Structure formats: structure tokens, C-alpha cells
Amino acid sequence: MSLPRTLIRDIGSRVGAEVKVQGWVKTIRDQKKMQFLLLRDHTGVVQATVERSPAKAALNGIISSLTRESAVTVIGTVVANPIVKMGGVEIVIRELTVEAPSDGLIPIDPAGPVEPNPEVRLNWRFLDLRRPETALIFQVQTALEHAMREYWIREGFVEIHSPKLMGSPSEGGAEVFALEYFGRTSYLAQSPQFYKQMAMAGGFDRVFEIGPVFRADPSFTARHATEFTGIDMEMSWVDSHEDVMAFEEQWLRYALERTQAQWGDAIHEVFGVDVRVPAVPFPRVSMDEALEIVARKGHVFPPERRGDLDPTGERLLGEYAMERYGHEFVFVTDYPVDVRPFYHMRHPDAPKVTKSFDLLWKGVEVTTGAQREHRYHVLVAQAKEKGLSLEPIQFYLDFFKYGCPPHGGFGAGLSRMLMVVLNQPNIREVTFLFRGPTRLHP
RNA sequence: GGGGGCGUGGUGUAGCCUGGUUAACACACCUGCCUGUCACGCAGGAGAUCGCGGGUUCAACUCCCGUCGCUCCCGCCA
């Protein structure tokens, strides 16, 4: 039976034992009498050494011709040695196998002193991912998503996977990608909106979906992508959008509590930011109030904007939430009908105002939600008012003809949340492989 | 889509404004040396038709125009 692999983070507890370590060669210091290697796996870095001697000539030769970033298997004895600055422990190598050598000239150096330009990093993303700081992003993402799912499942939600190929464009707003489909045109889903509502009409009560969504918008900002992972949920028998917000804040509090517990220290060390578990309830301001607050902070809106915040306004409102409530989050509620889609329910006593909300986190829009209009005739009237042609969305309107419960939900962006929680300036770096208007490779 | 900035060895930058030597520096790479390194050190070496095309000029990395790519801000949104 072959020696099982030891992860580098566990080396310290294996002093005196022979271990097998597998990873990449981070540094080679090939000296006259001693050879030093730094080996890295996804859990840490350890020093491995060999003395130069005639008895070890073969091994010495292998190490002399090693290249940095080669993938290797090392077998050796763990030795406690106070001279070693890194943990006081090293591996005395008995055997080294080069599983796959690395070309000497690496396009980017994962162990290098300076970070290459964003373009180079994206071109060679797999090398960039070898950097522990980059890898941490996706460990955090895993924890965050896991906690979200855990909370949903505990609350009786059903996970769905809706199709991304659509026979007709989903409701207006963002642009859609069209593609050839056996002689017809199909469209890539901009969101699972219609289908998660279908699940409500189907009696699922509560559903969530984490999956890809596509937006054909030529957006050139630090927080837009043409394909991203959407986080969506929908719940039945709500009285208003307030029920949805109340759910979301509990759900987020739980997800951040779990993420903070598991990765808070690492995030602090690598990104210099503390994951704060938010107090519940989050502050709420209506759009009318939001506009006043932002105006008091001296931000003048261009005249063509009617009742919506621009990114600067969102940032200022985020500042306000922190100053006034010491809170990173703030719900903005009651958006005017003009800036919301036809399926958002309207206030019975204020028909120009929707029962909707956005959630801002550190001044960045991370969620849009609402109570949906579930009454067929009202929904049809609202679609007509928005100038939509009913025929392409008739399949959707049909959901509401046979007893659809009152319901609401929200959609969030996974990478956007990751960007905010890690204080990263750009969505590209927190996306496994970014897709934008000019980025289709790798 | 609108506006600004930037493209120089494998990587990160300097040089450009105020055209004129072998285009410089750091890291990486190659060779040699080095009694335990730990950002190892020392000596030497290779590696760039300065994004691409055109123009001005005796002369263009440098100035002008175009083009492509990247990037930032605005718009759109998650």
C-alpha cells in the first residue's frame, strides 16, 4: 500500500514521520552543499531539503534541473529544525518525482513580487489561480454559497434548475443574446424570473436557484459581466415585499456568520477587510427618502433620471447607512413604476409606486426584489401599459390564470457579493472565468 | 454606446513632454561560484524589429493621423 498524501498544513504534526507531499515548486535555492525547495499545495508552503553528497547524486541532479512551478511528488521525513524560519519544520527529501515539469519562462509568476496586469492575469488565469490569495476567493465563495443553500433548505425551499435556452426573450430591460437553434432563433436566459414564478404557480411554495444568467449589455464597468452566476429565490403567500426583505436579511446574516466563522481570519489577513455579520433588521429607506438623503449630501441628479438612484447616489446612500446606522446594508424600497418591470406589484393606494426593493451593500447594488403581481388581469394590464406585446410572453401570463398564490422574491449576483465582502475593486478578479463584451477566452 | 488614460524583453516599470549613442532598471531565465538558504548571495550571459499601419522629418520608442487591444469614468444592471 502506498504512502497516503499529507497536506502541507498538517506537516507540523507529523514530525519524525515519513510523508508524501504533492504540489508545486515555489522556490529553488540550489547551493553547493544544500538544496532547498519551497513546495506549495492548496493548503500552504513547506521547505524541503537535500544535502549534496555522492550518495544523493541522482536526487541532487533532479533538483538541479528542476524548474519553478513544476508539479512534483516528494517523499521524505519531517524534521523539526529551529533554523527554519518558516514554521521551524522541514522535509528531508528521500525521493522526488517530477510529475509534470513547468516551462522555465512562465507568463506570470504565481510567487512573484508584483502582480501582473489584469489582462495578463486573465489570459493565464490558471496560473493566477495558483496564488493563494486568488484561491481564497473561491474557498470563500464555496462557504458563502453553502451557507445560503443550507439556510434555504432548512426553511423548506426547493432547489430548481431552469433552462437557459429560451424560445422568446424574457421581459425587457437588459439585452438578450440570440443564437441559432435548429433553424430557429433561441435566446439565452437573462434570469430565471419567469420560471421561478412558474414554480409558485406549480405549488412549490418556495424555491431557489443558483445558476448562470446572460446579459448582452455592452457594459464597461468594474461590476458588470455578460455571463454571471445569479442567485434567485421566490416565496409564496407573502403579504408584501416586506416579507421578502425580512427573509433576505436573515438569510444573509446567516450566510455571513458562517463565512466569517470559517474564513474571517484568512480574509482579514489576505484582503485586510473584516467580514461583518450584519445586525437584523437592516435599515430601510423609501426611494423618496433616498433621493432626499442623497440630495442633502450634495449629489445633483441629471434631469433625465426620474426617481432612480445612479451609482454615485447608491454610494452616498451606502455612506449614509454607515453613518446613521453603522450598517453596511440598506434596503431601498418603493421604486416608481417607470423604473421597474411590469410584473412588480403596485401599492393599492399609490399606483405609481411598486412594492419593490433593492439591497445596497457598501453602496453597491447587490439585489433586486419585489412582490410580484399574481392577478392575471392586473398583470396583463401592466404589461400592456409598458408597451409589451403579449404573444411572446403568453406562456408566462398563463401561469396566473389558474390560481397563482401571492408571492415575491429577489435576484442577487454572486460575484458582486463576493466583490463587496472581500473589498475587491473589480468583478473580474472574483469570477472564476470572467465573461465580458470583449472577453471570451480562456 | 459616450468620454479620458495606457500599449516598451517572459513579468512589472523607466525613457516619450523638450525627436539624434549599444533602449535602462527590478524580478524571472541561462552559465559558473557559494557549509543551511529562507525576498539567499556573488560574477557573467542571453532575451525587445518599443501593439499594428500610415504620415512629418536628414533622423521617430519619442511628434501627428488611423486602427486594434486593454483600462478607468458615465449610461445599463445583479
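What you see below is based on every heavy atom in this structure, not just the backbone, and it leaves out hydrogens, waters and symmetry mates. Fair warning: this is a prediction, and the values are worked out from it, not measured in the lab.
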Quick one: do [X] and [Y] make a salt bridge, cutoff under 4.0 Å?
X      : Y      : result
A:R315 : A:E319 : yes
A:E115 : A:R131 : yes
A:R149 : A:E159 : yes

Can you measure [X] atom [atom1] to [N] atom [atom2] for me and round it to whole angstrom units?
X      : N      : atom1 : atom2 : value
A:M86  : B:rA39 : CE    : C1'   : 12 Å
A:D308 : B:rC77 : CG    : P     : 7 Å
A:L440 : B:rG69 : CG    : P     : 12 Å
A:F177 : B:rC77 : CZ    : C1'   : 14 Å
A:R68  : B:rA28 : CZ    : C1'   : 6 Å
A:E175 : B:rA78 : CD    : P     : 14 Å
A:D30  : B:rU31 : CG    : P     : 10 Å
A:L66  : B:rC29 : CG    : C1'   : 15 Å

Select base, sugar-phosphate, or nothing to describe what [X] touches, counting heavy atoms under 4.0 Å on all strands.
X      : value
A:T438 : sugar-phosphate
A:R439 : nothing
A:E90  : base
A:V120 : sugar-phosphate
A:E119 : sugar-phosphate
A:R223 : base
A:P218 : base
A:I83  : base
A:E314 : base
A:G230 : nothing
A:N426 : sugar-phosphate
A:T27  : sugar-phosphate

Would you say whether A:F36 stacks on B:rG36? The test is a distance between ring centres of less than 5.5 Å and an angle between planes of less than 30°.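 Check failed, A:F36 does not stack on base of B:rG36.
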
Give a yes or no on whether the backbone of A:T142 and the side-chain of A:E145 come within a donor-acceptor separation of less than 3.5 Å.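 No; judged by distance alone, with no hydrogens or angles, the pair does not exist.
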
Just by modelled atom types, is the A:Q31 backbone N or O under 3.5 Å from a matching donor or acceptor in the A:R52 side chain? yes

Using a 3.5 Å cut-off and no angle test, enumerate the donor-acceptor pairs between side-chain atoms of residues 74-83 of chain A and protein atoms at least two apart in sequence or in another chain.
unit_1: A:N81; atom_1: OD1; unit_2: A:I83; atom_2: N; d: 3.0
unit_1: A:N81; atom_1: ND2; unit_2: A:E90; atom_2: OE2; d: 3.1

Between A:V84 and A:P107, which has a closest nucleotide on RNA chain B that is more 5'? A:P107

A:G413 or A:V114, whichever maps to the more 5' nucleotide of RNA chain B: A:V114

Pick the [atom1] atom in [N] and in [M], then give their distance to the nearest Å.
N      : M      : atom1 : answer
B:rC34 : B:rG41 : C1'   : 8 Å
B:rG75 : B:rA28 : P     : 44 Å
B:rU11 : B:rC17 : C1'   : 27 Å
B:rU22 : B:rC33 : P     : 35 Å
B:rA14 : B:rA26 : P     : 16 Å
B:rU13 : B:rU18 : C1'   : 22 Å
B:rG12 : B:rG55 : C1'   : 33 Å
B:rU49 : B:rG66 : P     : 26 Å

Selection from [options] that lies nearest to any side-chain heavy atom of [X]:
X      : options                : result
A:N117 : B:rU13, B:rC70, B:rC74 : B:rU13
A:R428 : B:rG1, B:rU71, B:rA78  : B:rU71
A:D217 : B:rA78, B:rC76, B:rG75 : B:rC76
A:Q47  : B:rU35, B:rC77, B:rG36 : B:rG36
A:T221 : B:rC29, B:rC77, B:rG75 : B:rG75
A:K33  : B:rC74, B:rU35, B:rG10 : B:rU35

Under 6.0 Å from the CG atom of A:D10, do we count more than 12 heavy atoms belonging to anything else shown? yes

Residues two or more places apart in sequence or in another chain: which of them pass ring-ring contact (aromatic ring centres under 6.0 Å, His included) with A:F282?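 A:F282 satisfies ring-ring contact (aromatic ring centres under 6.0 Å, His included) with A:H327, A:F329, A:F331 only.
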
Under the 3.5 Å rule, do the base of [N] and the side chain of [X] count as making a donor-acceptor pair?
X      : N      : answer
A:R416 : B:rC77 : yes
A:S219 : B:rC77 : no
A:Q31  : B:rU35 : no

Write down the atom of A:M417, the atom of A:A412, and the distance for their closest heavy-atom approach. CE-CB, 4.1 Å

Sort by first number and list every stem of RNA chain B: at least 3 consecutive Watson-Crick or G-U wobble pairs, both distances under 3.5 Å.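 Consecutive-pair runs (3 or more) involving RNA chain B: B:1-7 with B:68-74, B:10-13 with B:24-27, B:29-33 with B:41-45, B:51-55 with B:63-67.
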
Does OP1 or OP2 of B:rC74 have a side-chain N or O of A:R315 closer than 4.0 Å? no

Does the gap between the ring centers of A:F399 and A:Y343 come in under 6.0 Å?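 No, ring centres 6.0 Å or more apart.
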
Can you classify the ring geometry of A:Y396 versus A:F342 as parallel (below 30°), tilted (30 to 60°) or perpendicular (above 60°)? perpendicular

